[in-house]
Amino acid sequence: LQFHPEFGAPKQNLYKIKDSLNGLDADIIVLPELASTGYYFEDRDELNELAEDVSDSPTLIGLTKLCQDNGFHLVTGFAERDGEKLYNSALVVGPSGLLHHYRKLHLFNTEKEYFDPGDTPLSTIDICGAKVGVMICFDWVFPEVARSLALLGADILCHPSNLVLTYCQQAMRTRSLENSVYTITANRIGKEKRPRGELTFTGQSQIVGPKGDVIKSSGADEEAVAICEIDVSAARKKRITENKDLFLDRRPEFY
């Protein structure tokens, strides 16, 4: 789902997510980074006001109900409060509630001033017969993240994003190719004019196949849902040729 979250308006953003997704036939749907709050916080105090604890989150309750009503799973960006800590997180939500969550390891630019560094180990979760890994936005620039998840068996990398640089989507095609995995980058659109300045988000959300091919994509400035059927078994074929295997031929003793 690619859309324009309204800054500081979690209720309105939840309504928009529900309106966009109700009735869709899908197994996994990926939403943008910080989908319920917006992105460009003024400072830690402002973030703290908007962040939610997963144990008592109206947003999580609403998303769980949406999953129950439709039988799908969501991967969404989420501003998380945990005691005194504040994290740029991603939640995997299903009909039974929160299934998995990940805290962004690699904070981008001003995020370092108000978010705490992520502390969750990289791991995968089984959803509908696929192994799913989660990364967030700027994690794309660190190939270790995608590779680590792929080595853990991930077939699909879900990538909630608020991309502002112009070449990130192209890099995610490489992450797919070099690991032979599907990647789903859900970016947002629009601008945020905030006290610290203005950011323009690049849209162009995409679903990429294990050979680096773009299966589905959205425009740079449109609210859109892109859905496709994928063959998970294609992500489990790691041979480039009969005698060349992406993972078995690695030589980590030299890395």
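Values below: all heavy atoms of this structure, side chains included; hydrogens, waters and symmetry mates excluded. Because the structure is predicted, anything quoted here is derived from the model rather than measured. For reference, positions follow the sequence shown, starting with 1.
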[Y] side chain reached by [X] side chain, heavy atoms, under 4.5 Å:
{"X": "Val164", "Y": "Asn162", "answer": "no"}
{"X": "Pro58", "Y": "Leu60", "answer": "no"}
{"X": "Ile184", "Y": "His159", "answer": "no"}
{"X": "Pro160", "Y": "Pro32", "answer": "no"}
{"X": "Lys11", "Y": "Leu14", "answer": "no"}
{"X": "Cys128", "Y": "His73", "answer": "yes"}
{"X": "Asn179", "Y": "Leu246", "answer": "no"}

Would you please test Leu66 and Asn70 for side chain to side chain contact (heavy atoms under 4.5 Å, CB included) and show each step?
CA-CA 6 Å; Leu66 181 62; Asn70 293 277; 3.5 Å; yes

Salt-bridged, [X] to [Y], with N to O below 4.0 Å?
{"X": "Lys85", "Y": "Glu80", "value": "no"}
{"X": "Asp126", "Y": "Lys131", "value": "yes"}
{"X": "Lys104", "Y": "Asp139", "value": "no"}
{"X": "Glu192", "Y": "Arg188", "value": "yes"}
{"X": "Arg196", "Y": "Glu42", "value": "no"}

Indicate whether any N or O donor in one side chain lies under 3.5 Å from an N or O acceptor in the other, for [X] and [Y].
{"X": "Asp69", "Y": "Asn22", "result": "no"}
{"X": "Ser36", "Y": "Glu52", "result": "no"}
{"X": "Glu111", "Y": "Tyr39", "result": "yes"}
{"X": "Thr185", "Y": "Ser161", "result": "no"}
{"X": "Tyr114", "Y": "Asp45", "result": "no"}
{"X": "Asn88", "Y": "Glu33", "result": "yes"}
{"X": "Ser217", "Y": "Gln206", "result": "no"}
{"X": "Asp231", "Y": "Ser233", "result": "yes"}
{"X": "Thr202", "Y": "Asn187", "result": "yes"}

Six-ring centre of Phe41, Arg194 cation under 6.0 angstrom, axis tolerance 45°:
no

Please round to the nearest 0.5 Å and tell me the distance separating atom [atom1] of [X] and atom [atom2] of [Y].
{"X": "Asn48", "Y": "Arg81", "atom1": "CG", "atom2": "CZ", "result": "5.0 Å"}
{"X": "Tyr87", "Y": "Thr120", "atom1": "OH", "atom2": "OG1", "result": "8.5 Å"}
{"X": "Leu149", "Y": "Asp155", "atom1": "CG", "atom2": "CG", "result": "11.5 Å"}
{"X": "Asp116", "Y": "Asp82", "atom1": "CG", "atom2": "CG", "result": "9.5 Å"}
{"X": "Leu163", "Y": "Phe108", "atom1": "CG", "atom2": "CZ", "result": "9.0 Å"}
{"X": "Lys244", "Y": "Arg239", "atom1": "NZ", "atom2": "CZ", "result": "10.5 Å"}

After noting the C-alpha distance and the side-chain angles of Leu24 and Val225, does the key distance pass the side chain to side chain contact (heavy atoms under 4.5 Å, CB included) rule?
CA-CA 10 Å; Leu24 290 183; Val225 179; 3.7 Å; yes

Between [X] and [Y], is there a shared hydrophobic cluster once you connect ILVMFWY residues whose side-chain heavy atoms come closer than 4.5 Å?
{"X": "Leu98", "Y": "Tyr102", "value": "no"}
{"X": "Val208", "Y": "Ile156", "value": "no"}
{"X": "Leu99", "Y": "Leu21", "value": "no"}
{"X": "Tyr182", "Y": "Ile227", "value": "no"}
{"X": "Val132", "Y": "Ile29", "value": "no"}

Could you walk me through whether Leu74 and Val92 pass the side chain to side chain contact (heavy atoms under 4.5 Å, CB included) check?
CA-CA 6 Å; Leu74 298 174; Val92 181; over 6 Å; no

May I have the step-by-step check of ring-ring contact (aromatic ring centres under 6.0 Å, His included) for Phe138 and His106, ending in yes or no?
CA-CA 6 Å; Phe138 195 53; His106 302 99; 7.5 Å; no

Within a 6.0 Å radius of atom CD on Glu253, are there more than 12 heavy atoms belonging to other residues, nucleotides or ligands?
yes

